Amino acid sequence: MSERSIYTPVDAKVSFPALEEALIERWRDERIFERSLEQREGDAEWVFYEGPPTANGRPGLHHVEARTFKDFFCRFQAMRGRYVFRKAGWDCHGLPVEIEVEKELGITEKRQIEEEWGIEEFVKRCRESVQRYVGDWDKLTERIGFWIDLEDAYWTMSPEFVESVWWILKSIWDKGLLEEDFKVVPYCPRCGTALSSHELAQPGAYKDVHDPSIYVRFPLADEPDVALLVWTTTPWTLLSNTLAAAGEDIEYSKVADPQLPGKFLILASALTEKVLGEDIEVIDRFPGKDLIGRSYTPPFGYVPAAEGAHIVLAGDFVTTTDGSGLVHIAPYGVDDMTLIRGQNLEITSTVDASGKATVDPFAGMWVKDADRKIVEDLQSRGLMFKVEDYLHSYPHCWRCHTALLYYPRKDWYVRTSQIRDQLQASNEAVNWQPPTIKYGRFGDWLANNVDWSLSRDRYWGTPLPIWRCEQGHHTCVGSFAELSDLSGQDVSGLDPHRPYVDEIKIDCPRCTATAQRVPFVIDTWFDSGSMPFGQWHYPFENTGLFDKRFPADFISEAIDQTRGWFYSLLAVSTLVTGRSSYNNVVCLGHIVDEDGRKMSKSLGNVIDPWAVCNEQGADALRWLMLSGGSPWSARRVSVSIIEESLRKYLLTLWNTYSFWVTYASLEGFDPTAQDIPIAERPEMDRWIAAELDDTIRVVTEALEDFDATTGGKRLDRFVDDLSNWYVRRSRRRFWRSGEDRDTQCAFQTLWECLVTLSQLSAPFTPFVTDEIYMNLMRPVSEAPDSVHLSDWPVASDDRRDDELRQRMRLVRSLVGLGRAARTDAKVKVRQPLQRALVVIPPAEAGLVAGLEALVADELNVKSVEPMTGIGELVTYTVKPNFKTLGPRFGSRMRSVAQAIASADPEALVDQLDNAGSVTVEVDGASETLTAGDLDVRIEGRAGFSLAREGAYGVALDLDITDELRAEGTARETIRAIQDLRRSSGLAVEDRIELWITWDDAEAGEAVRSHWQWIAGEVLASTTHVGEDPLGDTSTDHIDTDHGRVVIGLRRA
RNA sequence: GGGCCCAUAGCUCAGCUCGGUUAGAGCGCACCCCUGAUAAGGGUGAGGCCGAUGGUUCAAGUCCAUCUGGGCCCA
């Protein structure tokens, strides 16, 4: 290494994990994140909202995915000059937390909480539970380079956050949209609470289960020999059978009961065969409306006989896809409840809140257990027609996996269905990524919006701030100050959770009776949906900050949040402000394993993010997430896929960087010493600069558009161009003397590319890019202390050169053809050849001008010449260009194609070359076609080896003269010496003493005649031509075309 | 039962918005090359009736319909 080196030597065998950890230290020590914010203070804000995770478990790979995307766009916008405030947040409340604590305490039934532990202790443990893993989250967040303010995170359990939620609820109350109502809700009997519809939308909620499928006889009251054949899969609901429903437009049949001679059954005609088999004696057929209003005898007597009960009603939900076309109605279904209400009937429930039957002889039995008893009971009374097994998908509690019951309860609702239009209007203003979700999954959800079931009969949550007096008056409290006023005591220091808040009594403002808080807490999704307000304790504090940072420019979560956070955010802010709280949302797919299966502990296919960070590094993981395929489709992740992402991009980038630093150190190059304008640099430099410029344009546009993949793909291609074409072609330019202007251009160009590339890649792979940027920029005094403090690169017309890019594309495809020709002829590149003959359409011939030397060098030929006398070597095919001719000729296209096919191709090509256009006869009319209308292709004539593609071709002159063969031998010798240098452990800049002998005169002549060249290439300062190597040298030999050559060398 | 997404090389995925007659990458595989980035790098090649069937069109991987298989969501 030169003493003049100003760059830190680069280890080609880099350990990315170690490098990343060192950078985390540096960023922390030098406050890089804080400074990245400080330097943008006062600039236009770009607002990000963090969807708060529940930190009561360790973060997994899917969390890394979401956090990578969040970080990515924020970093990009920050480099673009925006002030991007990033406040972390934690979702603290809710059933998941309670379940976790229940497990810890060994609680299996809800009542144990109050009876055995007490609410105070239980809630205290919930609070501890959500704090337990925050340290793990913080560590991983830092490790993957997610820059977010963890110090000043919002916690949904903080009194300030709770107060903001109260304020929101009060404003909804004031609009008359917060009400108590009787509704059928999915209810978890184990957790003892109703579940919201978006809790039902959680992954894993629906599971296939086996239930009994039973057909029961409901004898008609006035015709006891005839029974309605009623179908249900929940026998326990028969205990409170209230009504039956039929489809008005469905045809029904009266058939002989195959089990009871002399009796009859009624069921839908379409289902008779399915239910009864083939031997059916049909007595009568009639439309469903004939059944409406008829009375029947219910299977049980628990529901009191009343006017309007136990009759058949019309139900538009009745279908003939399953069952019998006759549906039993009990208050355990949404449709059911509507019918029962319509009859003004009392609701009779035979099941209690823990899912146990309340009527003898079934009292105390868990309903699913009671099913069997009920079936037996019906059988003994001759009412049971048939019992089958029914496999269907049924909702379960997403946390405790208990099968849910649909249960009528009094609960508190937010009347979101009344503002459905507003919700849809809010959504209208949101930009969704991918766009299909906007009117698809999410739009449908809004269009079918149902009221938000808000209250939860639980302990750990934001308490519903509604106080009820003995008269039944309700008072909604919107702040702690208001509660202090109403209660006559200062509650400002109070923990606003159960059980403390339950002890605060107020005087009812309407009747002065004592009022007590209703015992509910609220759906935790309402908390997270309130974070735009709650994170600032709005409107009690920070109103200025809120105004500046509402709505968000960007949020991102996985697709399962469509009905979770994406909905709760939109709904809460629409309720409060009338608009959406986010403008852009990037929706991510799930992480699945290599085989497309979900990652789960039971399958043992979970990838631990820490293991990946320690083995491959966070950059590799981030790069894969951001650049590998559509983010919203399920993403297959495996260790080998991550390793591939590492090798393909990061290592190539690193090698290129390492190459530059190695030679810049050797040559003592200073990128700031001299600035040669782009226009004055060689074509190769102008080409890569043009590619760089295009990359800036494409990446910037893609990232502005929330499209990480397109940006990543462009960077990937640029790195490939840079490493595998620019550096490969320019290598020698880096090892001449430092004064040479061409060398200066090369160093400068590659330096610029690497610096800009490090900036463009910085949001993707923040670690390695900072390492590269810093080492390259260190000599530049005014450079910022991190790539993340630098400004995003701007495209420039100085660098832009689309024509040069096109020319290089052409050259590279000619080189590819030349290589194919060599492979075909089995002549290795090391053997020089005299000529390459190229075929290019005349219109494009000019494009190659000036780049022939490049092609020649790459193909190791002495010259590149246009092929003449082509006619003898190739045949032409001329095809129509359908893209231009199709629209012009429409249905006549077929005739045009025929005319072209039947014309003589050589003549057409001649005409084109001479006149620039051709004339063909189409259906009697003359049509003029230009070069663009025709697609000319060539084929090699038989017996001549030619690599060709479309209208391009390359042929090689395979005549190897003695001279060429000698040069090939010399080259072979050089390669062998270089090999020996390396295997002897010499450094690239070491000079050597070289011995060389041979046992063949021709080989000797080949070596002698190229001796200067050989010695120069291998840095031989002392040479012994024709002498046997001494004993202490490294030796090797090569078998050339001529004969054996022996070489020996040692450090000079 | 309804809605949405997906189906392209052995594997992982582009391309489909806006139809054009020769469908692209990477991995893997075969063969080969390069050697002053070297426990790296590169090239060439084989490998596809673009899930199936109909339809629209001069022309369909691309648009439409139906179906099959997989996934997600809802009832």
Side-chain angles (χ1 to χ4, degrees), chain A residues 10 12-13 197 200-201 203 205-206 317 319 321-322 334-335 392-395 434-437 439-445 448 559-560 562-563 589-590 592 594 596-598 628-630 632-636 638 640-641 643-645 647-648 651-652 654-663 666 709-710 713 716-717 720 723-725 727-728 731-732 734-735 815-824 826 828-830 860 879-887 889-897 935 937 947 949-950 974-976 978-979 981-983 986-990 1017-1019:
Chain A
V10 175
K13 280 172 277 176
S197 43
L200 237 66
Y206 277 79
F317 48 86
T319 68
T321 47
D322 271 313
V334 178
D335 293 325
H392 62 153
S393 156
Y394 193 81
T436 48
I437 298 197
Y439 298 115
R441 192 174 282 203
F442 195 70
D444 286 346
W445 168 250
N448 299 311
I559 192 157
D560 53 277
T562 314
R563 287 148 202 226
H590 289 124
V592 295
E594 246 175 329
R597 293 174 310 177
K598 215 167 127 172
S630 313
W632 41 83
S633 47
R635 186 185 294 277
R636 296 187 183 207
S638 68
S640 66
I641 291 174
E643 271 169 357
E644 191 187 318
S645 126
R647 272 217 322 280
K648 203 52 210 152
L651 274 182
T652 311
W654 188 263
N655 278 337
T656 310
Y657 156 70
S658 149
F659 172 87
W660 189 91
V661 172
T662 302
Y663 290 101
L666 280 178
T709 314
T710 300
K713 284 193 190 310
D716 197 41
R717 219 184 77 215
D720 189 67
S723 165
N724 294 327
W725 191 248
V727 172
R728 196 154 69 85
R731 226 181 274 159
R732 306 181 73 91
F734 290 88
W735 60 78
V815 167
L817 290 171
R819 287 203 188 104
R822 267 193 182 269
T823 303
D824 198 38
K826 298 197 187 345
K828 52 180 70 167
V829 180
R830 213 179 293 149
N860 194 18
K879 291 196 161 190
N881 178 355
F882 288 87
K883 199 161 187 171
T884 60
L885 297 177
F889 291 103
S891 59
R892 291 169 63 215
M893 191 60 228
R894 191 159 282 173
S895 313
V896 176
D935 185 3
R937 293 164 196 183
E949 185 176 5
I974 291 171
R975 192 198 63 78
Q978 302 290 28
D979 235 14
R981 280 183 62 114
R982 182 152 314 101
S983 57
L986 297 186
V988 293
E989 69 273 19
D990 284 339
E1017 284 291 306
V1018 302
L1019 301 182

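Throughout, protein chains are lettered first and strands after them, A, B, ... in sequence-line order, and every chain is numbered starting at 1. Just so you know, these numbers use all the heavy atoms, side chains as well, and skip hydrogens, waters and symmetry mates. For clarity, every value in this text was computed on a predicted model and none was experimentally measured.
Here the separation of B/rG43 from B/rG3, taken at their P atoms, is 48 Å to the nearest Å. When the P atom is used for both B/rU8 and B/rG70, the distance is 14 Å, rounded to whole Å. For the P atoms, the distance from B/rA46 to B/rG26 is 15 Å, rounded to whole Å. Distance check on atom C1': B/rG15 versus B/rU56 gives 22 Å, rounded to whole Å. For the P atoms, the distance from B/rC29 to B/rC72 is 33 Å, rounded to whole Å. The C1' atoms of B/rU57 and B/rG69 are separated by 29 Å, rounded to the nearest whole Å. The gap from the C1' atom of B/rC18 to that of B/rU35 amounts to 48 Å, rounded to the nearest Å. B/rG48 sits 11 Å from B/rG24 when the C1' atoms are compared, rounded to a whole Å.
Taking atom CG on A/Asn881 and atom P on B/rA59, their separation rounds to 17 Å, with Å as the unit. Atom CH2 of A/Trp725 and atom P of B/rG41 are 18 Å apart (whole Å). In this structure, the CZ atom of A/Phe889 is 19 Å from the P atom of B/rG20, given to the nearest Å. Regarding A/Arg975, its CZ atom lies at a distance of 8 Å from the C1' atom of B/rU35, rounded to whole Å. Atom CZ in A/Arg728 sits about 8 Å away from atom C1' in B/rG43, given to the nearest Å. In this entry the distance linking CG of A/Asn724 with C1' of B/rG43 reads 11 Å, nearest Å. Rounded to an integer number of Å, the gap from A/Arg717 CZ to B/rG26 P is 13 Å. The distance from atom CG of A/Asn655 to atom P of B/rG42 is 9 Å, rounded to the nearest whole Å.
For A/Arg819, whose side chain is taken as the heavy atoms from C-beta onward, the closest listed nucleotide among B/rC58, B/rU44, B/rA37 is B/rU44. In the set B/rA37, B/rG42, B/rG20, the nucleotide with an atom closest to the side chain of A/Asp720 is B/rG42. Proximity note for A/Met893 (side chain, C-beta onward) versus B/rG42, B/rC58, B/rU35: the nearest is B/rC58. The listed nucleotides are B/rA59, B/rA37, B/rU35; the one nearest the side chain of A/Arg894 is B/rA59. Checking B/rU22, B/rA37, B/rC58 against the side-chain heavy atoms of A/Lys879 singles out B/rU22 as nearest. Proximity note for A/Lys883 (side chain, C-beta onward) versus B/rG20, B/rC58, B/rU35: the nearest is B/rG20. With B/rA37, B/rA59, B/rG20 as the candidates, the nucleotide lying closest to the side chain of A/Tyr663 is B/rA37.
Close to B/rG36, at under 4.0 Å from its OP1 or OP2, lies a side-chain N or O of A/Gln978.
Across all strands shown, A/Thr656 has heavy atoms under 4.0 Å from base atoms, whether or not it also approaches the sugar-phosphate. Looking at heavy-atom distances under 4.0 Å, A/Leu1019 makes contact with a base. Nucleic acid contact class of A/Val815 (heavy atoms, under 4.0 Å, all strands): none. Contacts of A/Arg731 with the nucleic acid, taken as non-hydrogen atoms under 4.0 Å apart, include base atoms. Within the 4.0 angstrom heavy-atom criterion, base atoms lie near A/Ser723. Residue contacts for A/Pro880: at a heavy-atom cut-off of 4.0 Å it reaches no nucleic acid atom on any strand shown.
For the pair A/Arg728 (side chain) and A/Ser723 (backbone), a donor-acceptor distance under 3.5 Å is absent. Judged purely by atom type and a 3.5 angstrom limit, A/Thr884 uses its side chain to pair as donor or acceptor with the backbone of A/Asn881. Looking at A/Gln978, its side chain does come within 3.5 Å of a backbone N or O of A/Glu1017 through a donor-acceptor pair.
Nucleotide B/rA14 is matched to nothing when pairs are restricted to Watson-Crick or G-U wobble geometry with both distances under 3.5 angstrom. Both distances falling under 3.5 Å, in either a Watson-Crick or a G-U wobble arrangement, place B/rA7 opposite B/rU68. Under the Watson-Crick or G-U wobble criterion, with both distances below 3.5 Å, B/rC29 is paired with B/rG45. Pairing for B/rA23 is absent, judged as Watson-Crick or G-U wobble with the two contacts each under 3.5 Å. Across all strands shown, B/rC63 forms a Watson-Crick or G-U wobble pair, both distances under 3.5 Å, with B/rG55.
Counting only heavy atoms from C-beta outward, the side chains of A/Arg894 and A/Phe889 never approach each other to under 4.5 Å. At a threshold of 4.5 Å between non-hydrogen side-chain atoms, the residues A/Arg819 and A/Val829 do not count as touching.
A centroid separation of 6.0 Å or more is found between the aromatic rings of A/Trp445 and A/Phe442.
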Problem set entry | CA sep, side-chain torsions, deciding dist, call: A/Val10, A/Thr662, side-chain contact (heavy atoms from CB on, under 4.5 Å) | CA-CA 7 Å; A/Val10 175; A/Thr662 302; 5.8 Å; no

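Across the interface with RNA chain B, nearest-nucleotide mapping of A/Phe659 and A/Thr884 shows A/Thr884 to be the residue nearer the 5′ end.
A donor-acceptor contact under 3.5 Å is not formed by the side chain of A/Thr709 with the base of B/rA14.
Contact record, A/Arg981 with A/Leu1019: NH1-CB, 3.5 Å, taken as the closest heavy-atom pair.
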